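I have placed the structure first, in the form of structure tokens, so that the comments after it can refer back to it.
Just so it is clear, the values below take in all heavy atoms, side chains as well, and ignore hydrogens, waters and symmetry mates. What you see is a predicted model, and the numbers here were worked out from it, not measured in a lab.
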Amino acid sequence: MRDMTTLERQVSHAIRPFTVRFRDAALDDLRRRLRATRWPARELVGDRSQGVQLATMRALGKYWEKDYDLRRVQSRLNALPQFTTEIDGVNIHFVHVRSKHPDALPLIMTHGWPGSVIEMLDSVGPLTNPTAHGGTPADAFHLVLPSLPGYGFSAEPAEVGWDLVRTARAWAVLMRRLGYDRYVAQGGDVGAGVTDALGRLGPQGLVGIHTNLLVPALNDPTSLPDDTEEERAALAAIKVFQTSGNGYFVEMATRPETIGYALLDSPSALAAWMIDHDTDAYYKIAGAFVDDNPSGNLTRDHILDDITAYWLTGTGASTARSYWEAYGPDAPAAGGPPLPDPRVPVGFSTFPGEIWRTPRSWAEKAYPTLNYFGVAERGGHFAAWEEPELFAAELRAAFRPLR
């Protein structure tokens, strides 16, 4: 392979402004497919134990087709500064909002599945402009929100090997490229895995991390303390998830291409797959559509913003493959040596609707450098999306000692 010329390298490393544009034909096609949905018979149980309930999907599909503004995704994203840049052969999309406060702390936040940068949009204001949201100038962040490879407007990887560690390395490159020589990182869901890896890699400039999903607990829950009632309840919740609540996880970690055909061909299949993530989030989403009773920021429009972005970018299959890369037994990273414990300070926040409520003892066992443990009053697995103000308050508290 020939070496890159200086000009080629400059072009490759360029940061380019980005604008979302969806064709009218794509929106018309989405509505046509929604009208043509073939519905199954009603489930034979009174809860979600057989999967997403028909009443939920009927209500979601009707609102999506008839009442939802399909241009919302485009408008919301284009209201913020967006860019793309190529890192390690993949064109990465990101939102970059600099605070008006000059001493703001740079923060890179990573979303998960079935999320996207959209789940973090309502936390942009509280984080970058805290004085308008009950904070002080000393709480401000310069905010970088990248789309994971294969998600949203980031390109699909053309080769295997884009696991959590490779993504974390790419984020370190991105922050250097943006000129940030001192920064912190945050993540939930898959983003917690990326942020955990970033903390363990310890790239130059990273001074601390925060997550709201305890990744090591999923890796090996039996290694964690089980002496107290709180610890035993957390272990029981993880067991329930791993035995009857993680069907999507198993399918995407082992056969992502198989489910990808449905996710690319049917918007109703995509929506059902995406909202069947965890019990707490599912019932909140069902309540928003069936009863018009949203939980916090999980309104019908906000939920459909995320699903519509997946559909219009055609990323159902590539996002599923990210689970194969990160967690699959056949992926290149499977069985590799573990990374060392993070050497930077680690903050953790637990939200009551999470798949399990992490005890402080678990966070301390998982992260010897834990320097913040927060317990939020409300919110679940998608904390930034559901409770953006509370989420922002947790990040302010977690990173305040590092400023």
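Looking at Thr228, its side chain does come within 3.5 Å of a backbone N or O of Glu231 through a donor-acceptor pair. Counting only distance, with no hydrogens or angles, the side chain of Arg98 and the backbone of Leu143 share no donor-acceptor pair below 3.5 Å. Side-chain atoms of Thr37 never come within 3.5 Å of backbone atoms of Trp39 as a donor-acceptor pair (strictly under, hydrogens ignored). With hydrogens and angles ignored, the 3.5 Å screen pairs no side-chain donor or acceptor of Gln74 with any backbone N or O of Arg71. With hydrogens and angles ignored, the 3.5 Å screen pairs no side-chain donor or acceptor of Arg396 with any backbone N or O of Thr136. Remark: the backbone N or O of Ser75 is not paired with any side-chain donor or acceptor of Asn78 at under 3.5 angstrom. In this structure a side-chain-to-backbone donor-acceptor pair under 3.5 Å is missing from Ser154 to Gly150. Under a 3.5 Å cut-off, the side chain of Thr56 and the backbone N or O of Val52 do not form any donor-acceptor pair. Checking side-chain atoms of Asp47 against main-chain N and O of Ser49 turns up a donor-acceptor pair under 3.5 Å. Looking at Trp362, its side chain does come within 3.5 Å of a backbone N or O of Pro225 through a donor-acceptor pair.
Within the structure, salt bridge (charged side-chain N to carboxylate O under 4.0 Å, His left out) contacts touching residues 309-327 (residues at least two apart or in different chains) are Glu156-Arg321, Glu257-Arg321. Among residue pairs with one or both ends in residues 183-195, none qualify as salt bridge (charged side-chain N to carboxylate O under 4.0 Å, His left out); sequence neighbours excluded. Residue pairs meeting the ring-ring contact (aromatic ring centres under 6.0 Å, His included) criterion with at least one member in residues 119-149: none, sequence neighbours excluded. Legend: salt bridge (charged side-chain N to carboxylate O under 4.0 Å, His left out) pairs involving residues 194-209, not counting sequence neighbours, sorted by first then second residue: Asp196-Arg200, Arg200-Asp341.
By the 4.5 Å heavy-atom criterion applied to side chains, Phe373 and Tyr367 are not counted as neighbours. With a 4.5 Å cut-off on side-chain heavy atoms, Ile209 and Val184 do not count as touching. Under the 4.5 Å side-chain criterion, counting only non-hydrogen atoms from C-beta, Val20 is not in contact with Leu312. A 4.5 Å side-chain heavy-atom check between Ile92 and Trp171 finds at least one atom pair inside the cut-off. Side-chain atoms of Gln82 and Thr19, non-hydrogen and from C-beta on, never get closer than 4.5 Å to each other. Residues Leu174 and Ile87 meet the side-chain proximity criterion, which asks for heavy atoms closer than 4.5 Å. Using a 4.5 Å heavy-atom cutoff, the side chains of Thr85 and His13 are not in contact. The shortest distance between side-chain heavy atoms of Glu230 and Arg357 does not fall below 4.5 Å.
Salt-bridge annotation for Arg169 and Asp88: absent, with no side-chain N of the basic residue lying under 4.0 Å from a carboxylate O of the acidic one. Classification of Arg378 and Glu387 as a salt-bridged pair holds, one side-chain N sitting under 4.0 Å from a carboxylate O. The residues Asp122 and Arg76 are annotated as salt-bridged, a charged nitrogen and a carboxylate oxygen being separated by less than 4.0 angstrom. Between Asp29 and Arg32 there is a salt bridge, with a side-chain nitrogen of the basic residue lying less than 4.0 Å from a carboxylate oxygen of the acidic one.
Shown here for Glu251 and Thr258, the closest heavy-atom pair between the two residues is OE2-CB, 3.7 Å. The two atoms that bring Gly260 and Ala317 nearest to each other are CA-CB, 3.8 Å, heavy atoms only. Shown here for Leu70 and Leu27, the closest heavy-atom pair between the two residues is CD1-O, 3.7 Å. The two residues Thr195 and Gly187 have their closest heavy-atom pair at OG1-N, 3.3 Å. Residues Leu402 and Arg182 approach most closely at O-NH2, 2.6 Å, considering heavy atoms. Minimum heavy-atom separation, Ala363 to Leu370: CB-CD2, 3.9 Å.
A donor-acceptor contact closer than 3.5 angstrom is absent between the side chains of Tyr282 and His277. Between the side chains of Trp162 and Ser322, no donor-acceptor pair of N or O atoms lies under 3.5 Å. With 3.5 Å as the limit, one finds no donor-acceptor pair spanning the side chains of Ser268 and Ser266. Side chain to side chain, Arg72 and Thr308 fail the donor-acceptor criterion of an N or O pair below 3.5 Å. A donor-acceptor pair shorter than 3.5 Å can be found between the side chains of Glu354 and His381. A side-chain N or O of Glu386 and one of Ser295 form a donor-acceptor pair less than 3.5 Å apart. Donor-acceptor pairing under 3.5 Å is recorded for the side chains of Thr358 and Trp356. Checking Thr222 against Asp220 by side-chain atom types alone, a donor-acceptor pair falls below 3.5 Å. Donor-acceptor pairing under 3.5 Å is recorded for the side chains of Asn129 and Thr131.
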Would you please test Arg23 and Asp28 for salt bridge (Lys or Arg N to Asp or Glu O under 4.0 Å) and show each step?
CA-CA 9 Å; Arg23 295 179 294 109; Asp28 293 340; over 6 Å; no
Under the side-chain contact (heavy atoms from CB on, under 4.5 Å) rule, what do Leu77 and Val117 come out as? Steps first, then yes or no, please.
CA-CA 9 Å; Leu77 285 173; Val117 294; 4.0 Å; yes
Solution key, residues 99-109 side-chain donor-acceptor pairs under 3.5 Å, sequence neighbours excluded:
{"unit_1": "Ser99", "atom_1": "OG", "unit_2": "His101", "atom_2": "N", "d": "3.0"}
{"unit_1": "Ser99", "atom_1": "OG", "unit_2": "Thr128", "atom_2": "O", "d": "2.7"}

If you look only at distance, which donor and acceptor atoms sit under 3.5 Å apart when one is on a side chain in residues 342-352 and the other is two or more places apart or in another chain?
{"unit_1": "Ser349", "atom_1": "OG", "unit_2": "His210", "atom_2": "NE2", "d": "2.8"}
{"unit_1": "Ser349", "atom_1": "OG", "unit_2": "Glu394", "atom_2": "OE1", "d": "2.6"}

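The ring pair (Phe, Tyr, Trp, His ring centres under 6.0 Å) search around Tyr183 returns none, not counting sequence neighbours. For Asp292, the salt bridge (charged side-chain N to carboxylate O under 4.0 Å, His left out) partners at least two apart in sequence or on another chain are Arg300. Residues passing the ring pair (Phe, Tyr, Trp, His ring centres under 6.0 Å) test with Tyr261, sequence neighbours excluded: none. Scored by the ring pair (Phe, Tyr, Trp, His ring centres under 6.0 Å) test, Tyr63 finds no partners at all (sequence neighbours excluded). Partners of His93 according to the ring pair (Phe, Tyr, Trp, His ring centres under 6.0 Å) rule, which considers only residues two or more places apart in sequence or in another chain, are Phe18, Phe153. Looking at residues two or more places apart in sequence or on another chain, you find a salt bridge (charged side-chain N to carboxylate O under 4.0 Å, His left out) between Arg232 and Glu229.
Note: Trp385 and Phe391 fail the aromatic proximity criterion, with ring centroids not under 6.0 Å apart. When ring centroids are compared, Tyr180 and His96 come within the 6.0 Å threshold.
Summarising the geometry, atom CZ belonging to Phe94 is positioned 10.5 Å from atom CG belonging to Leu145; distances are rounded to the nearest 0.5 Å. Note that CG of Leu148 is 10.5 Å distant from OG of Ser318, once rounded to the nearest 0.5 Å.
Between Phe382 and the choices Asp280, Asn212, Asp278, the side-chain contact (heavy atoms from CB on, under 4.5 Å) rule is met once, by Asp278.
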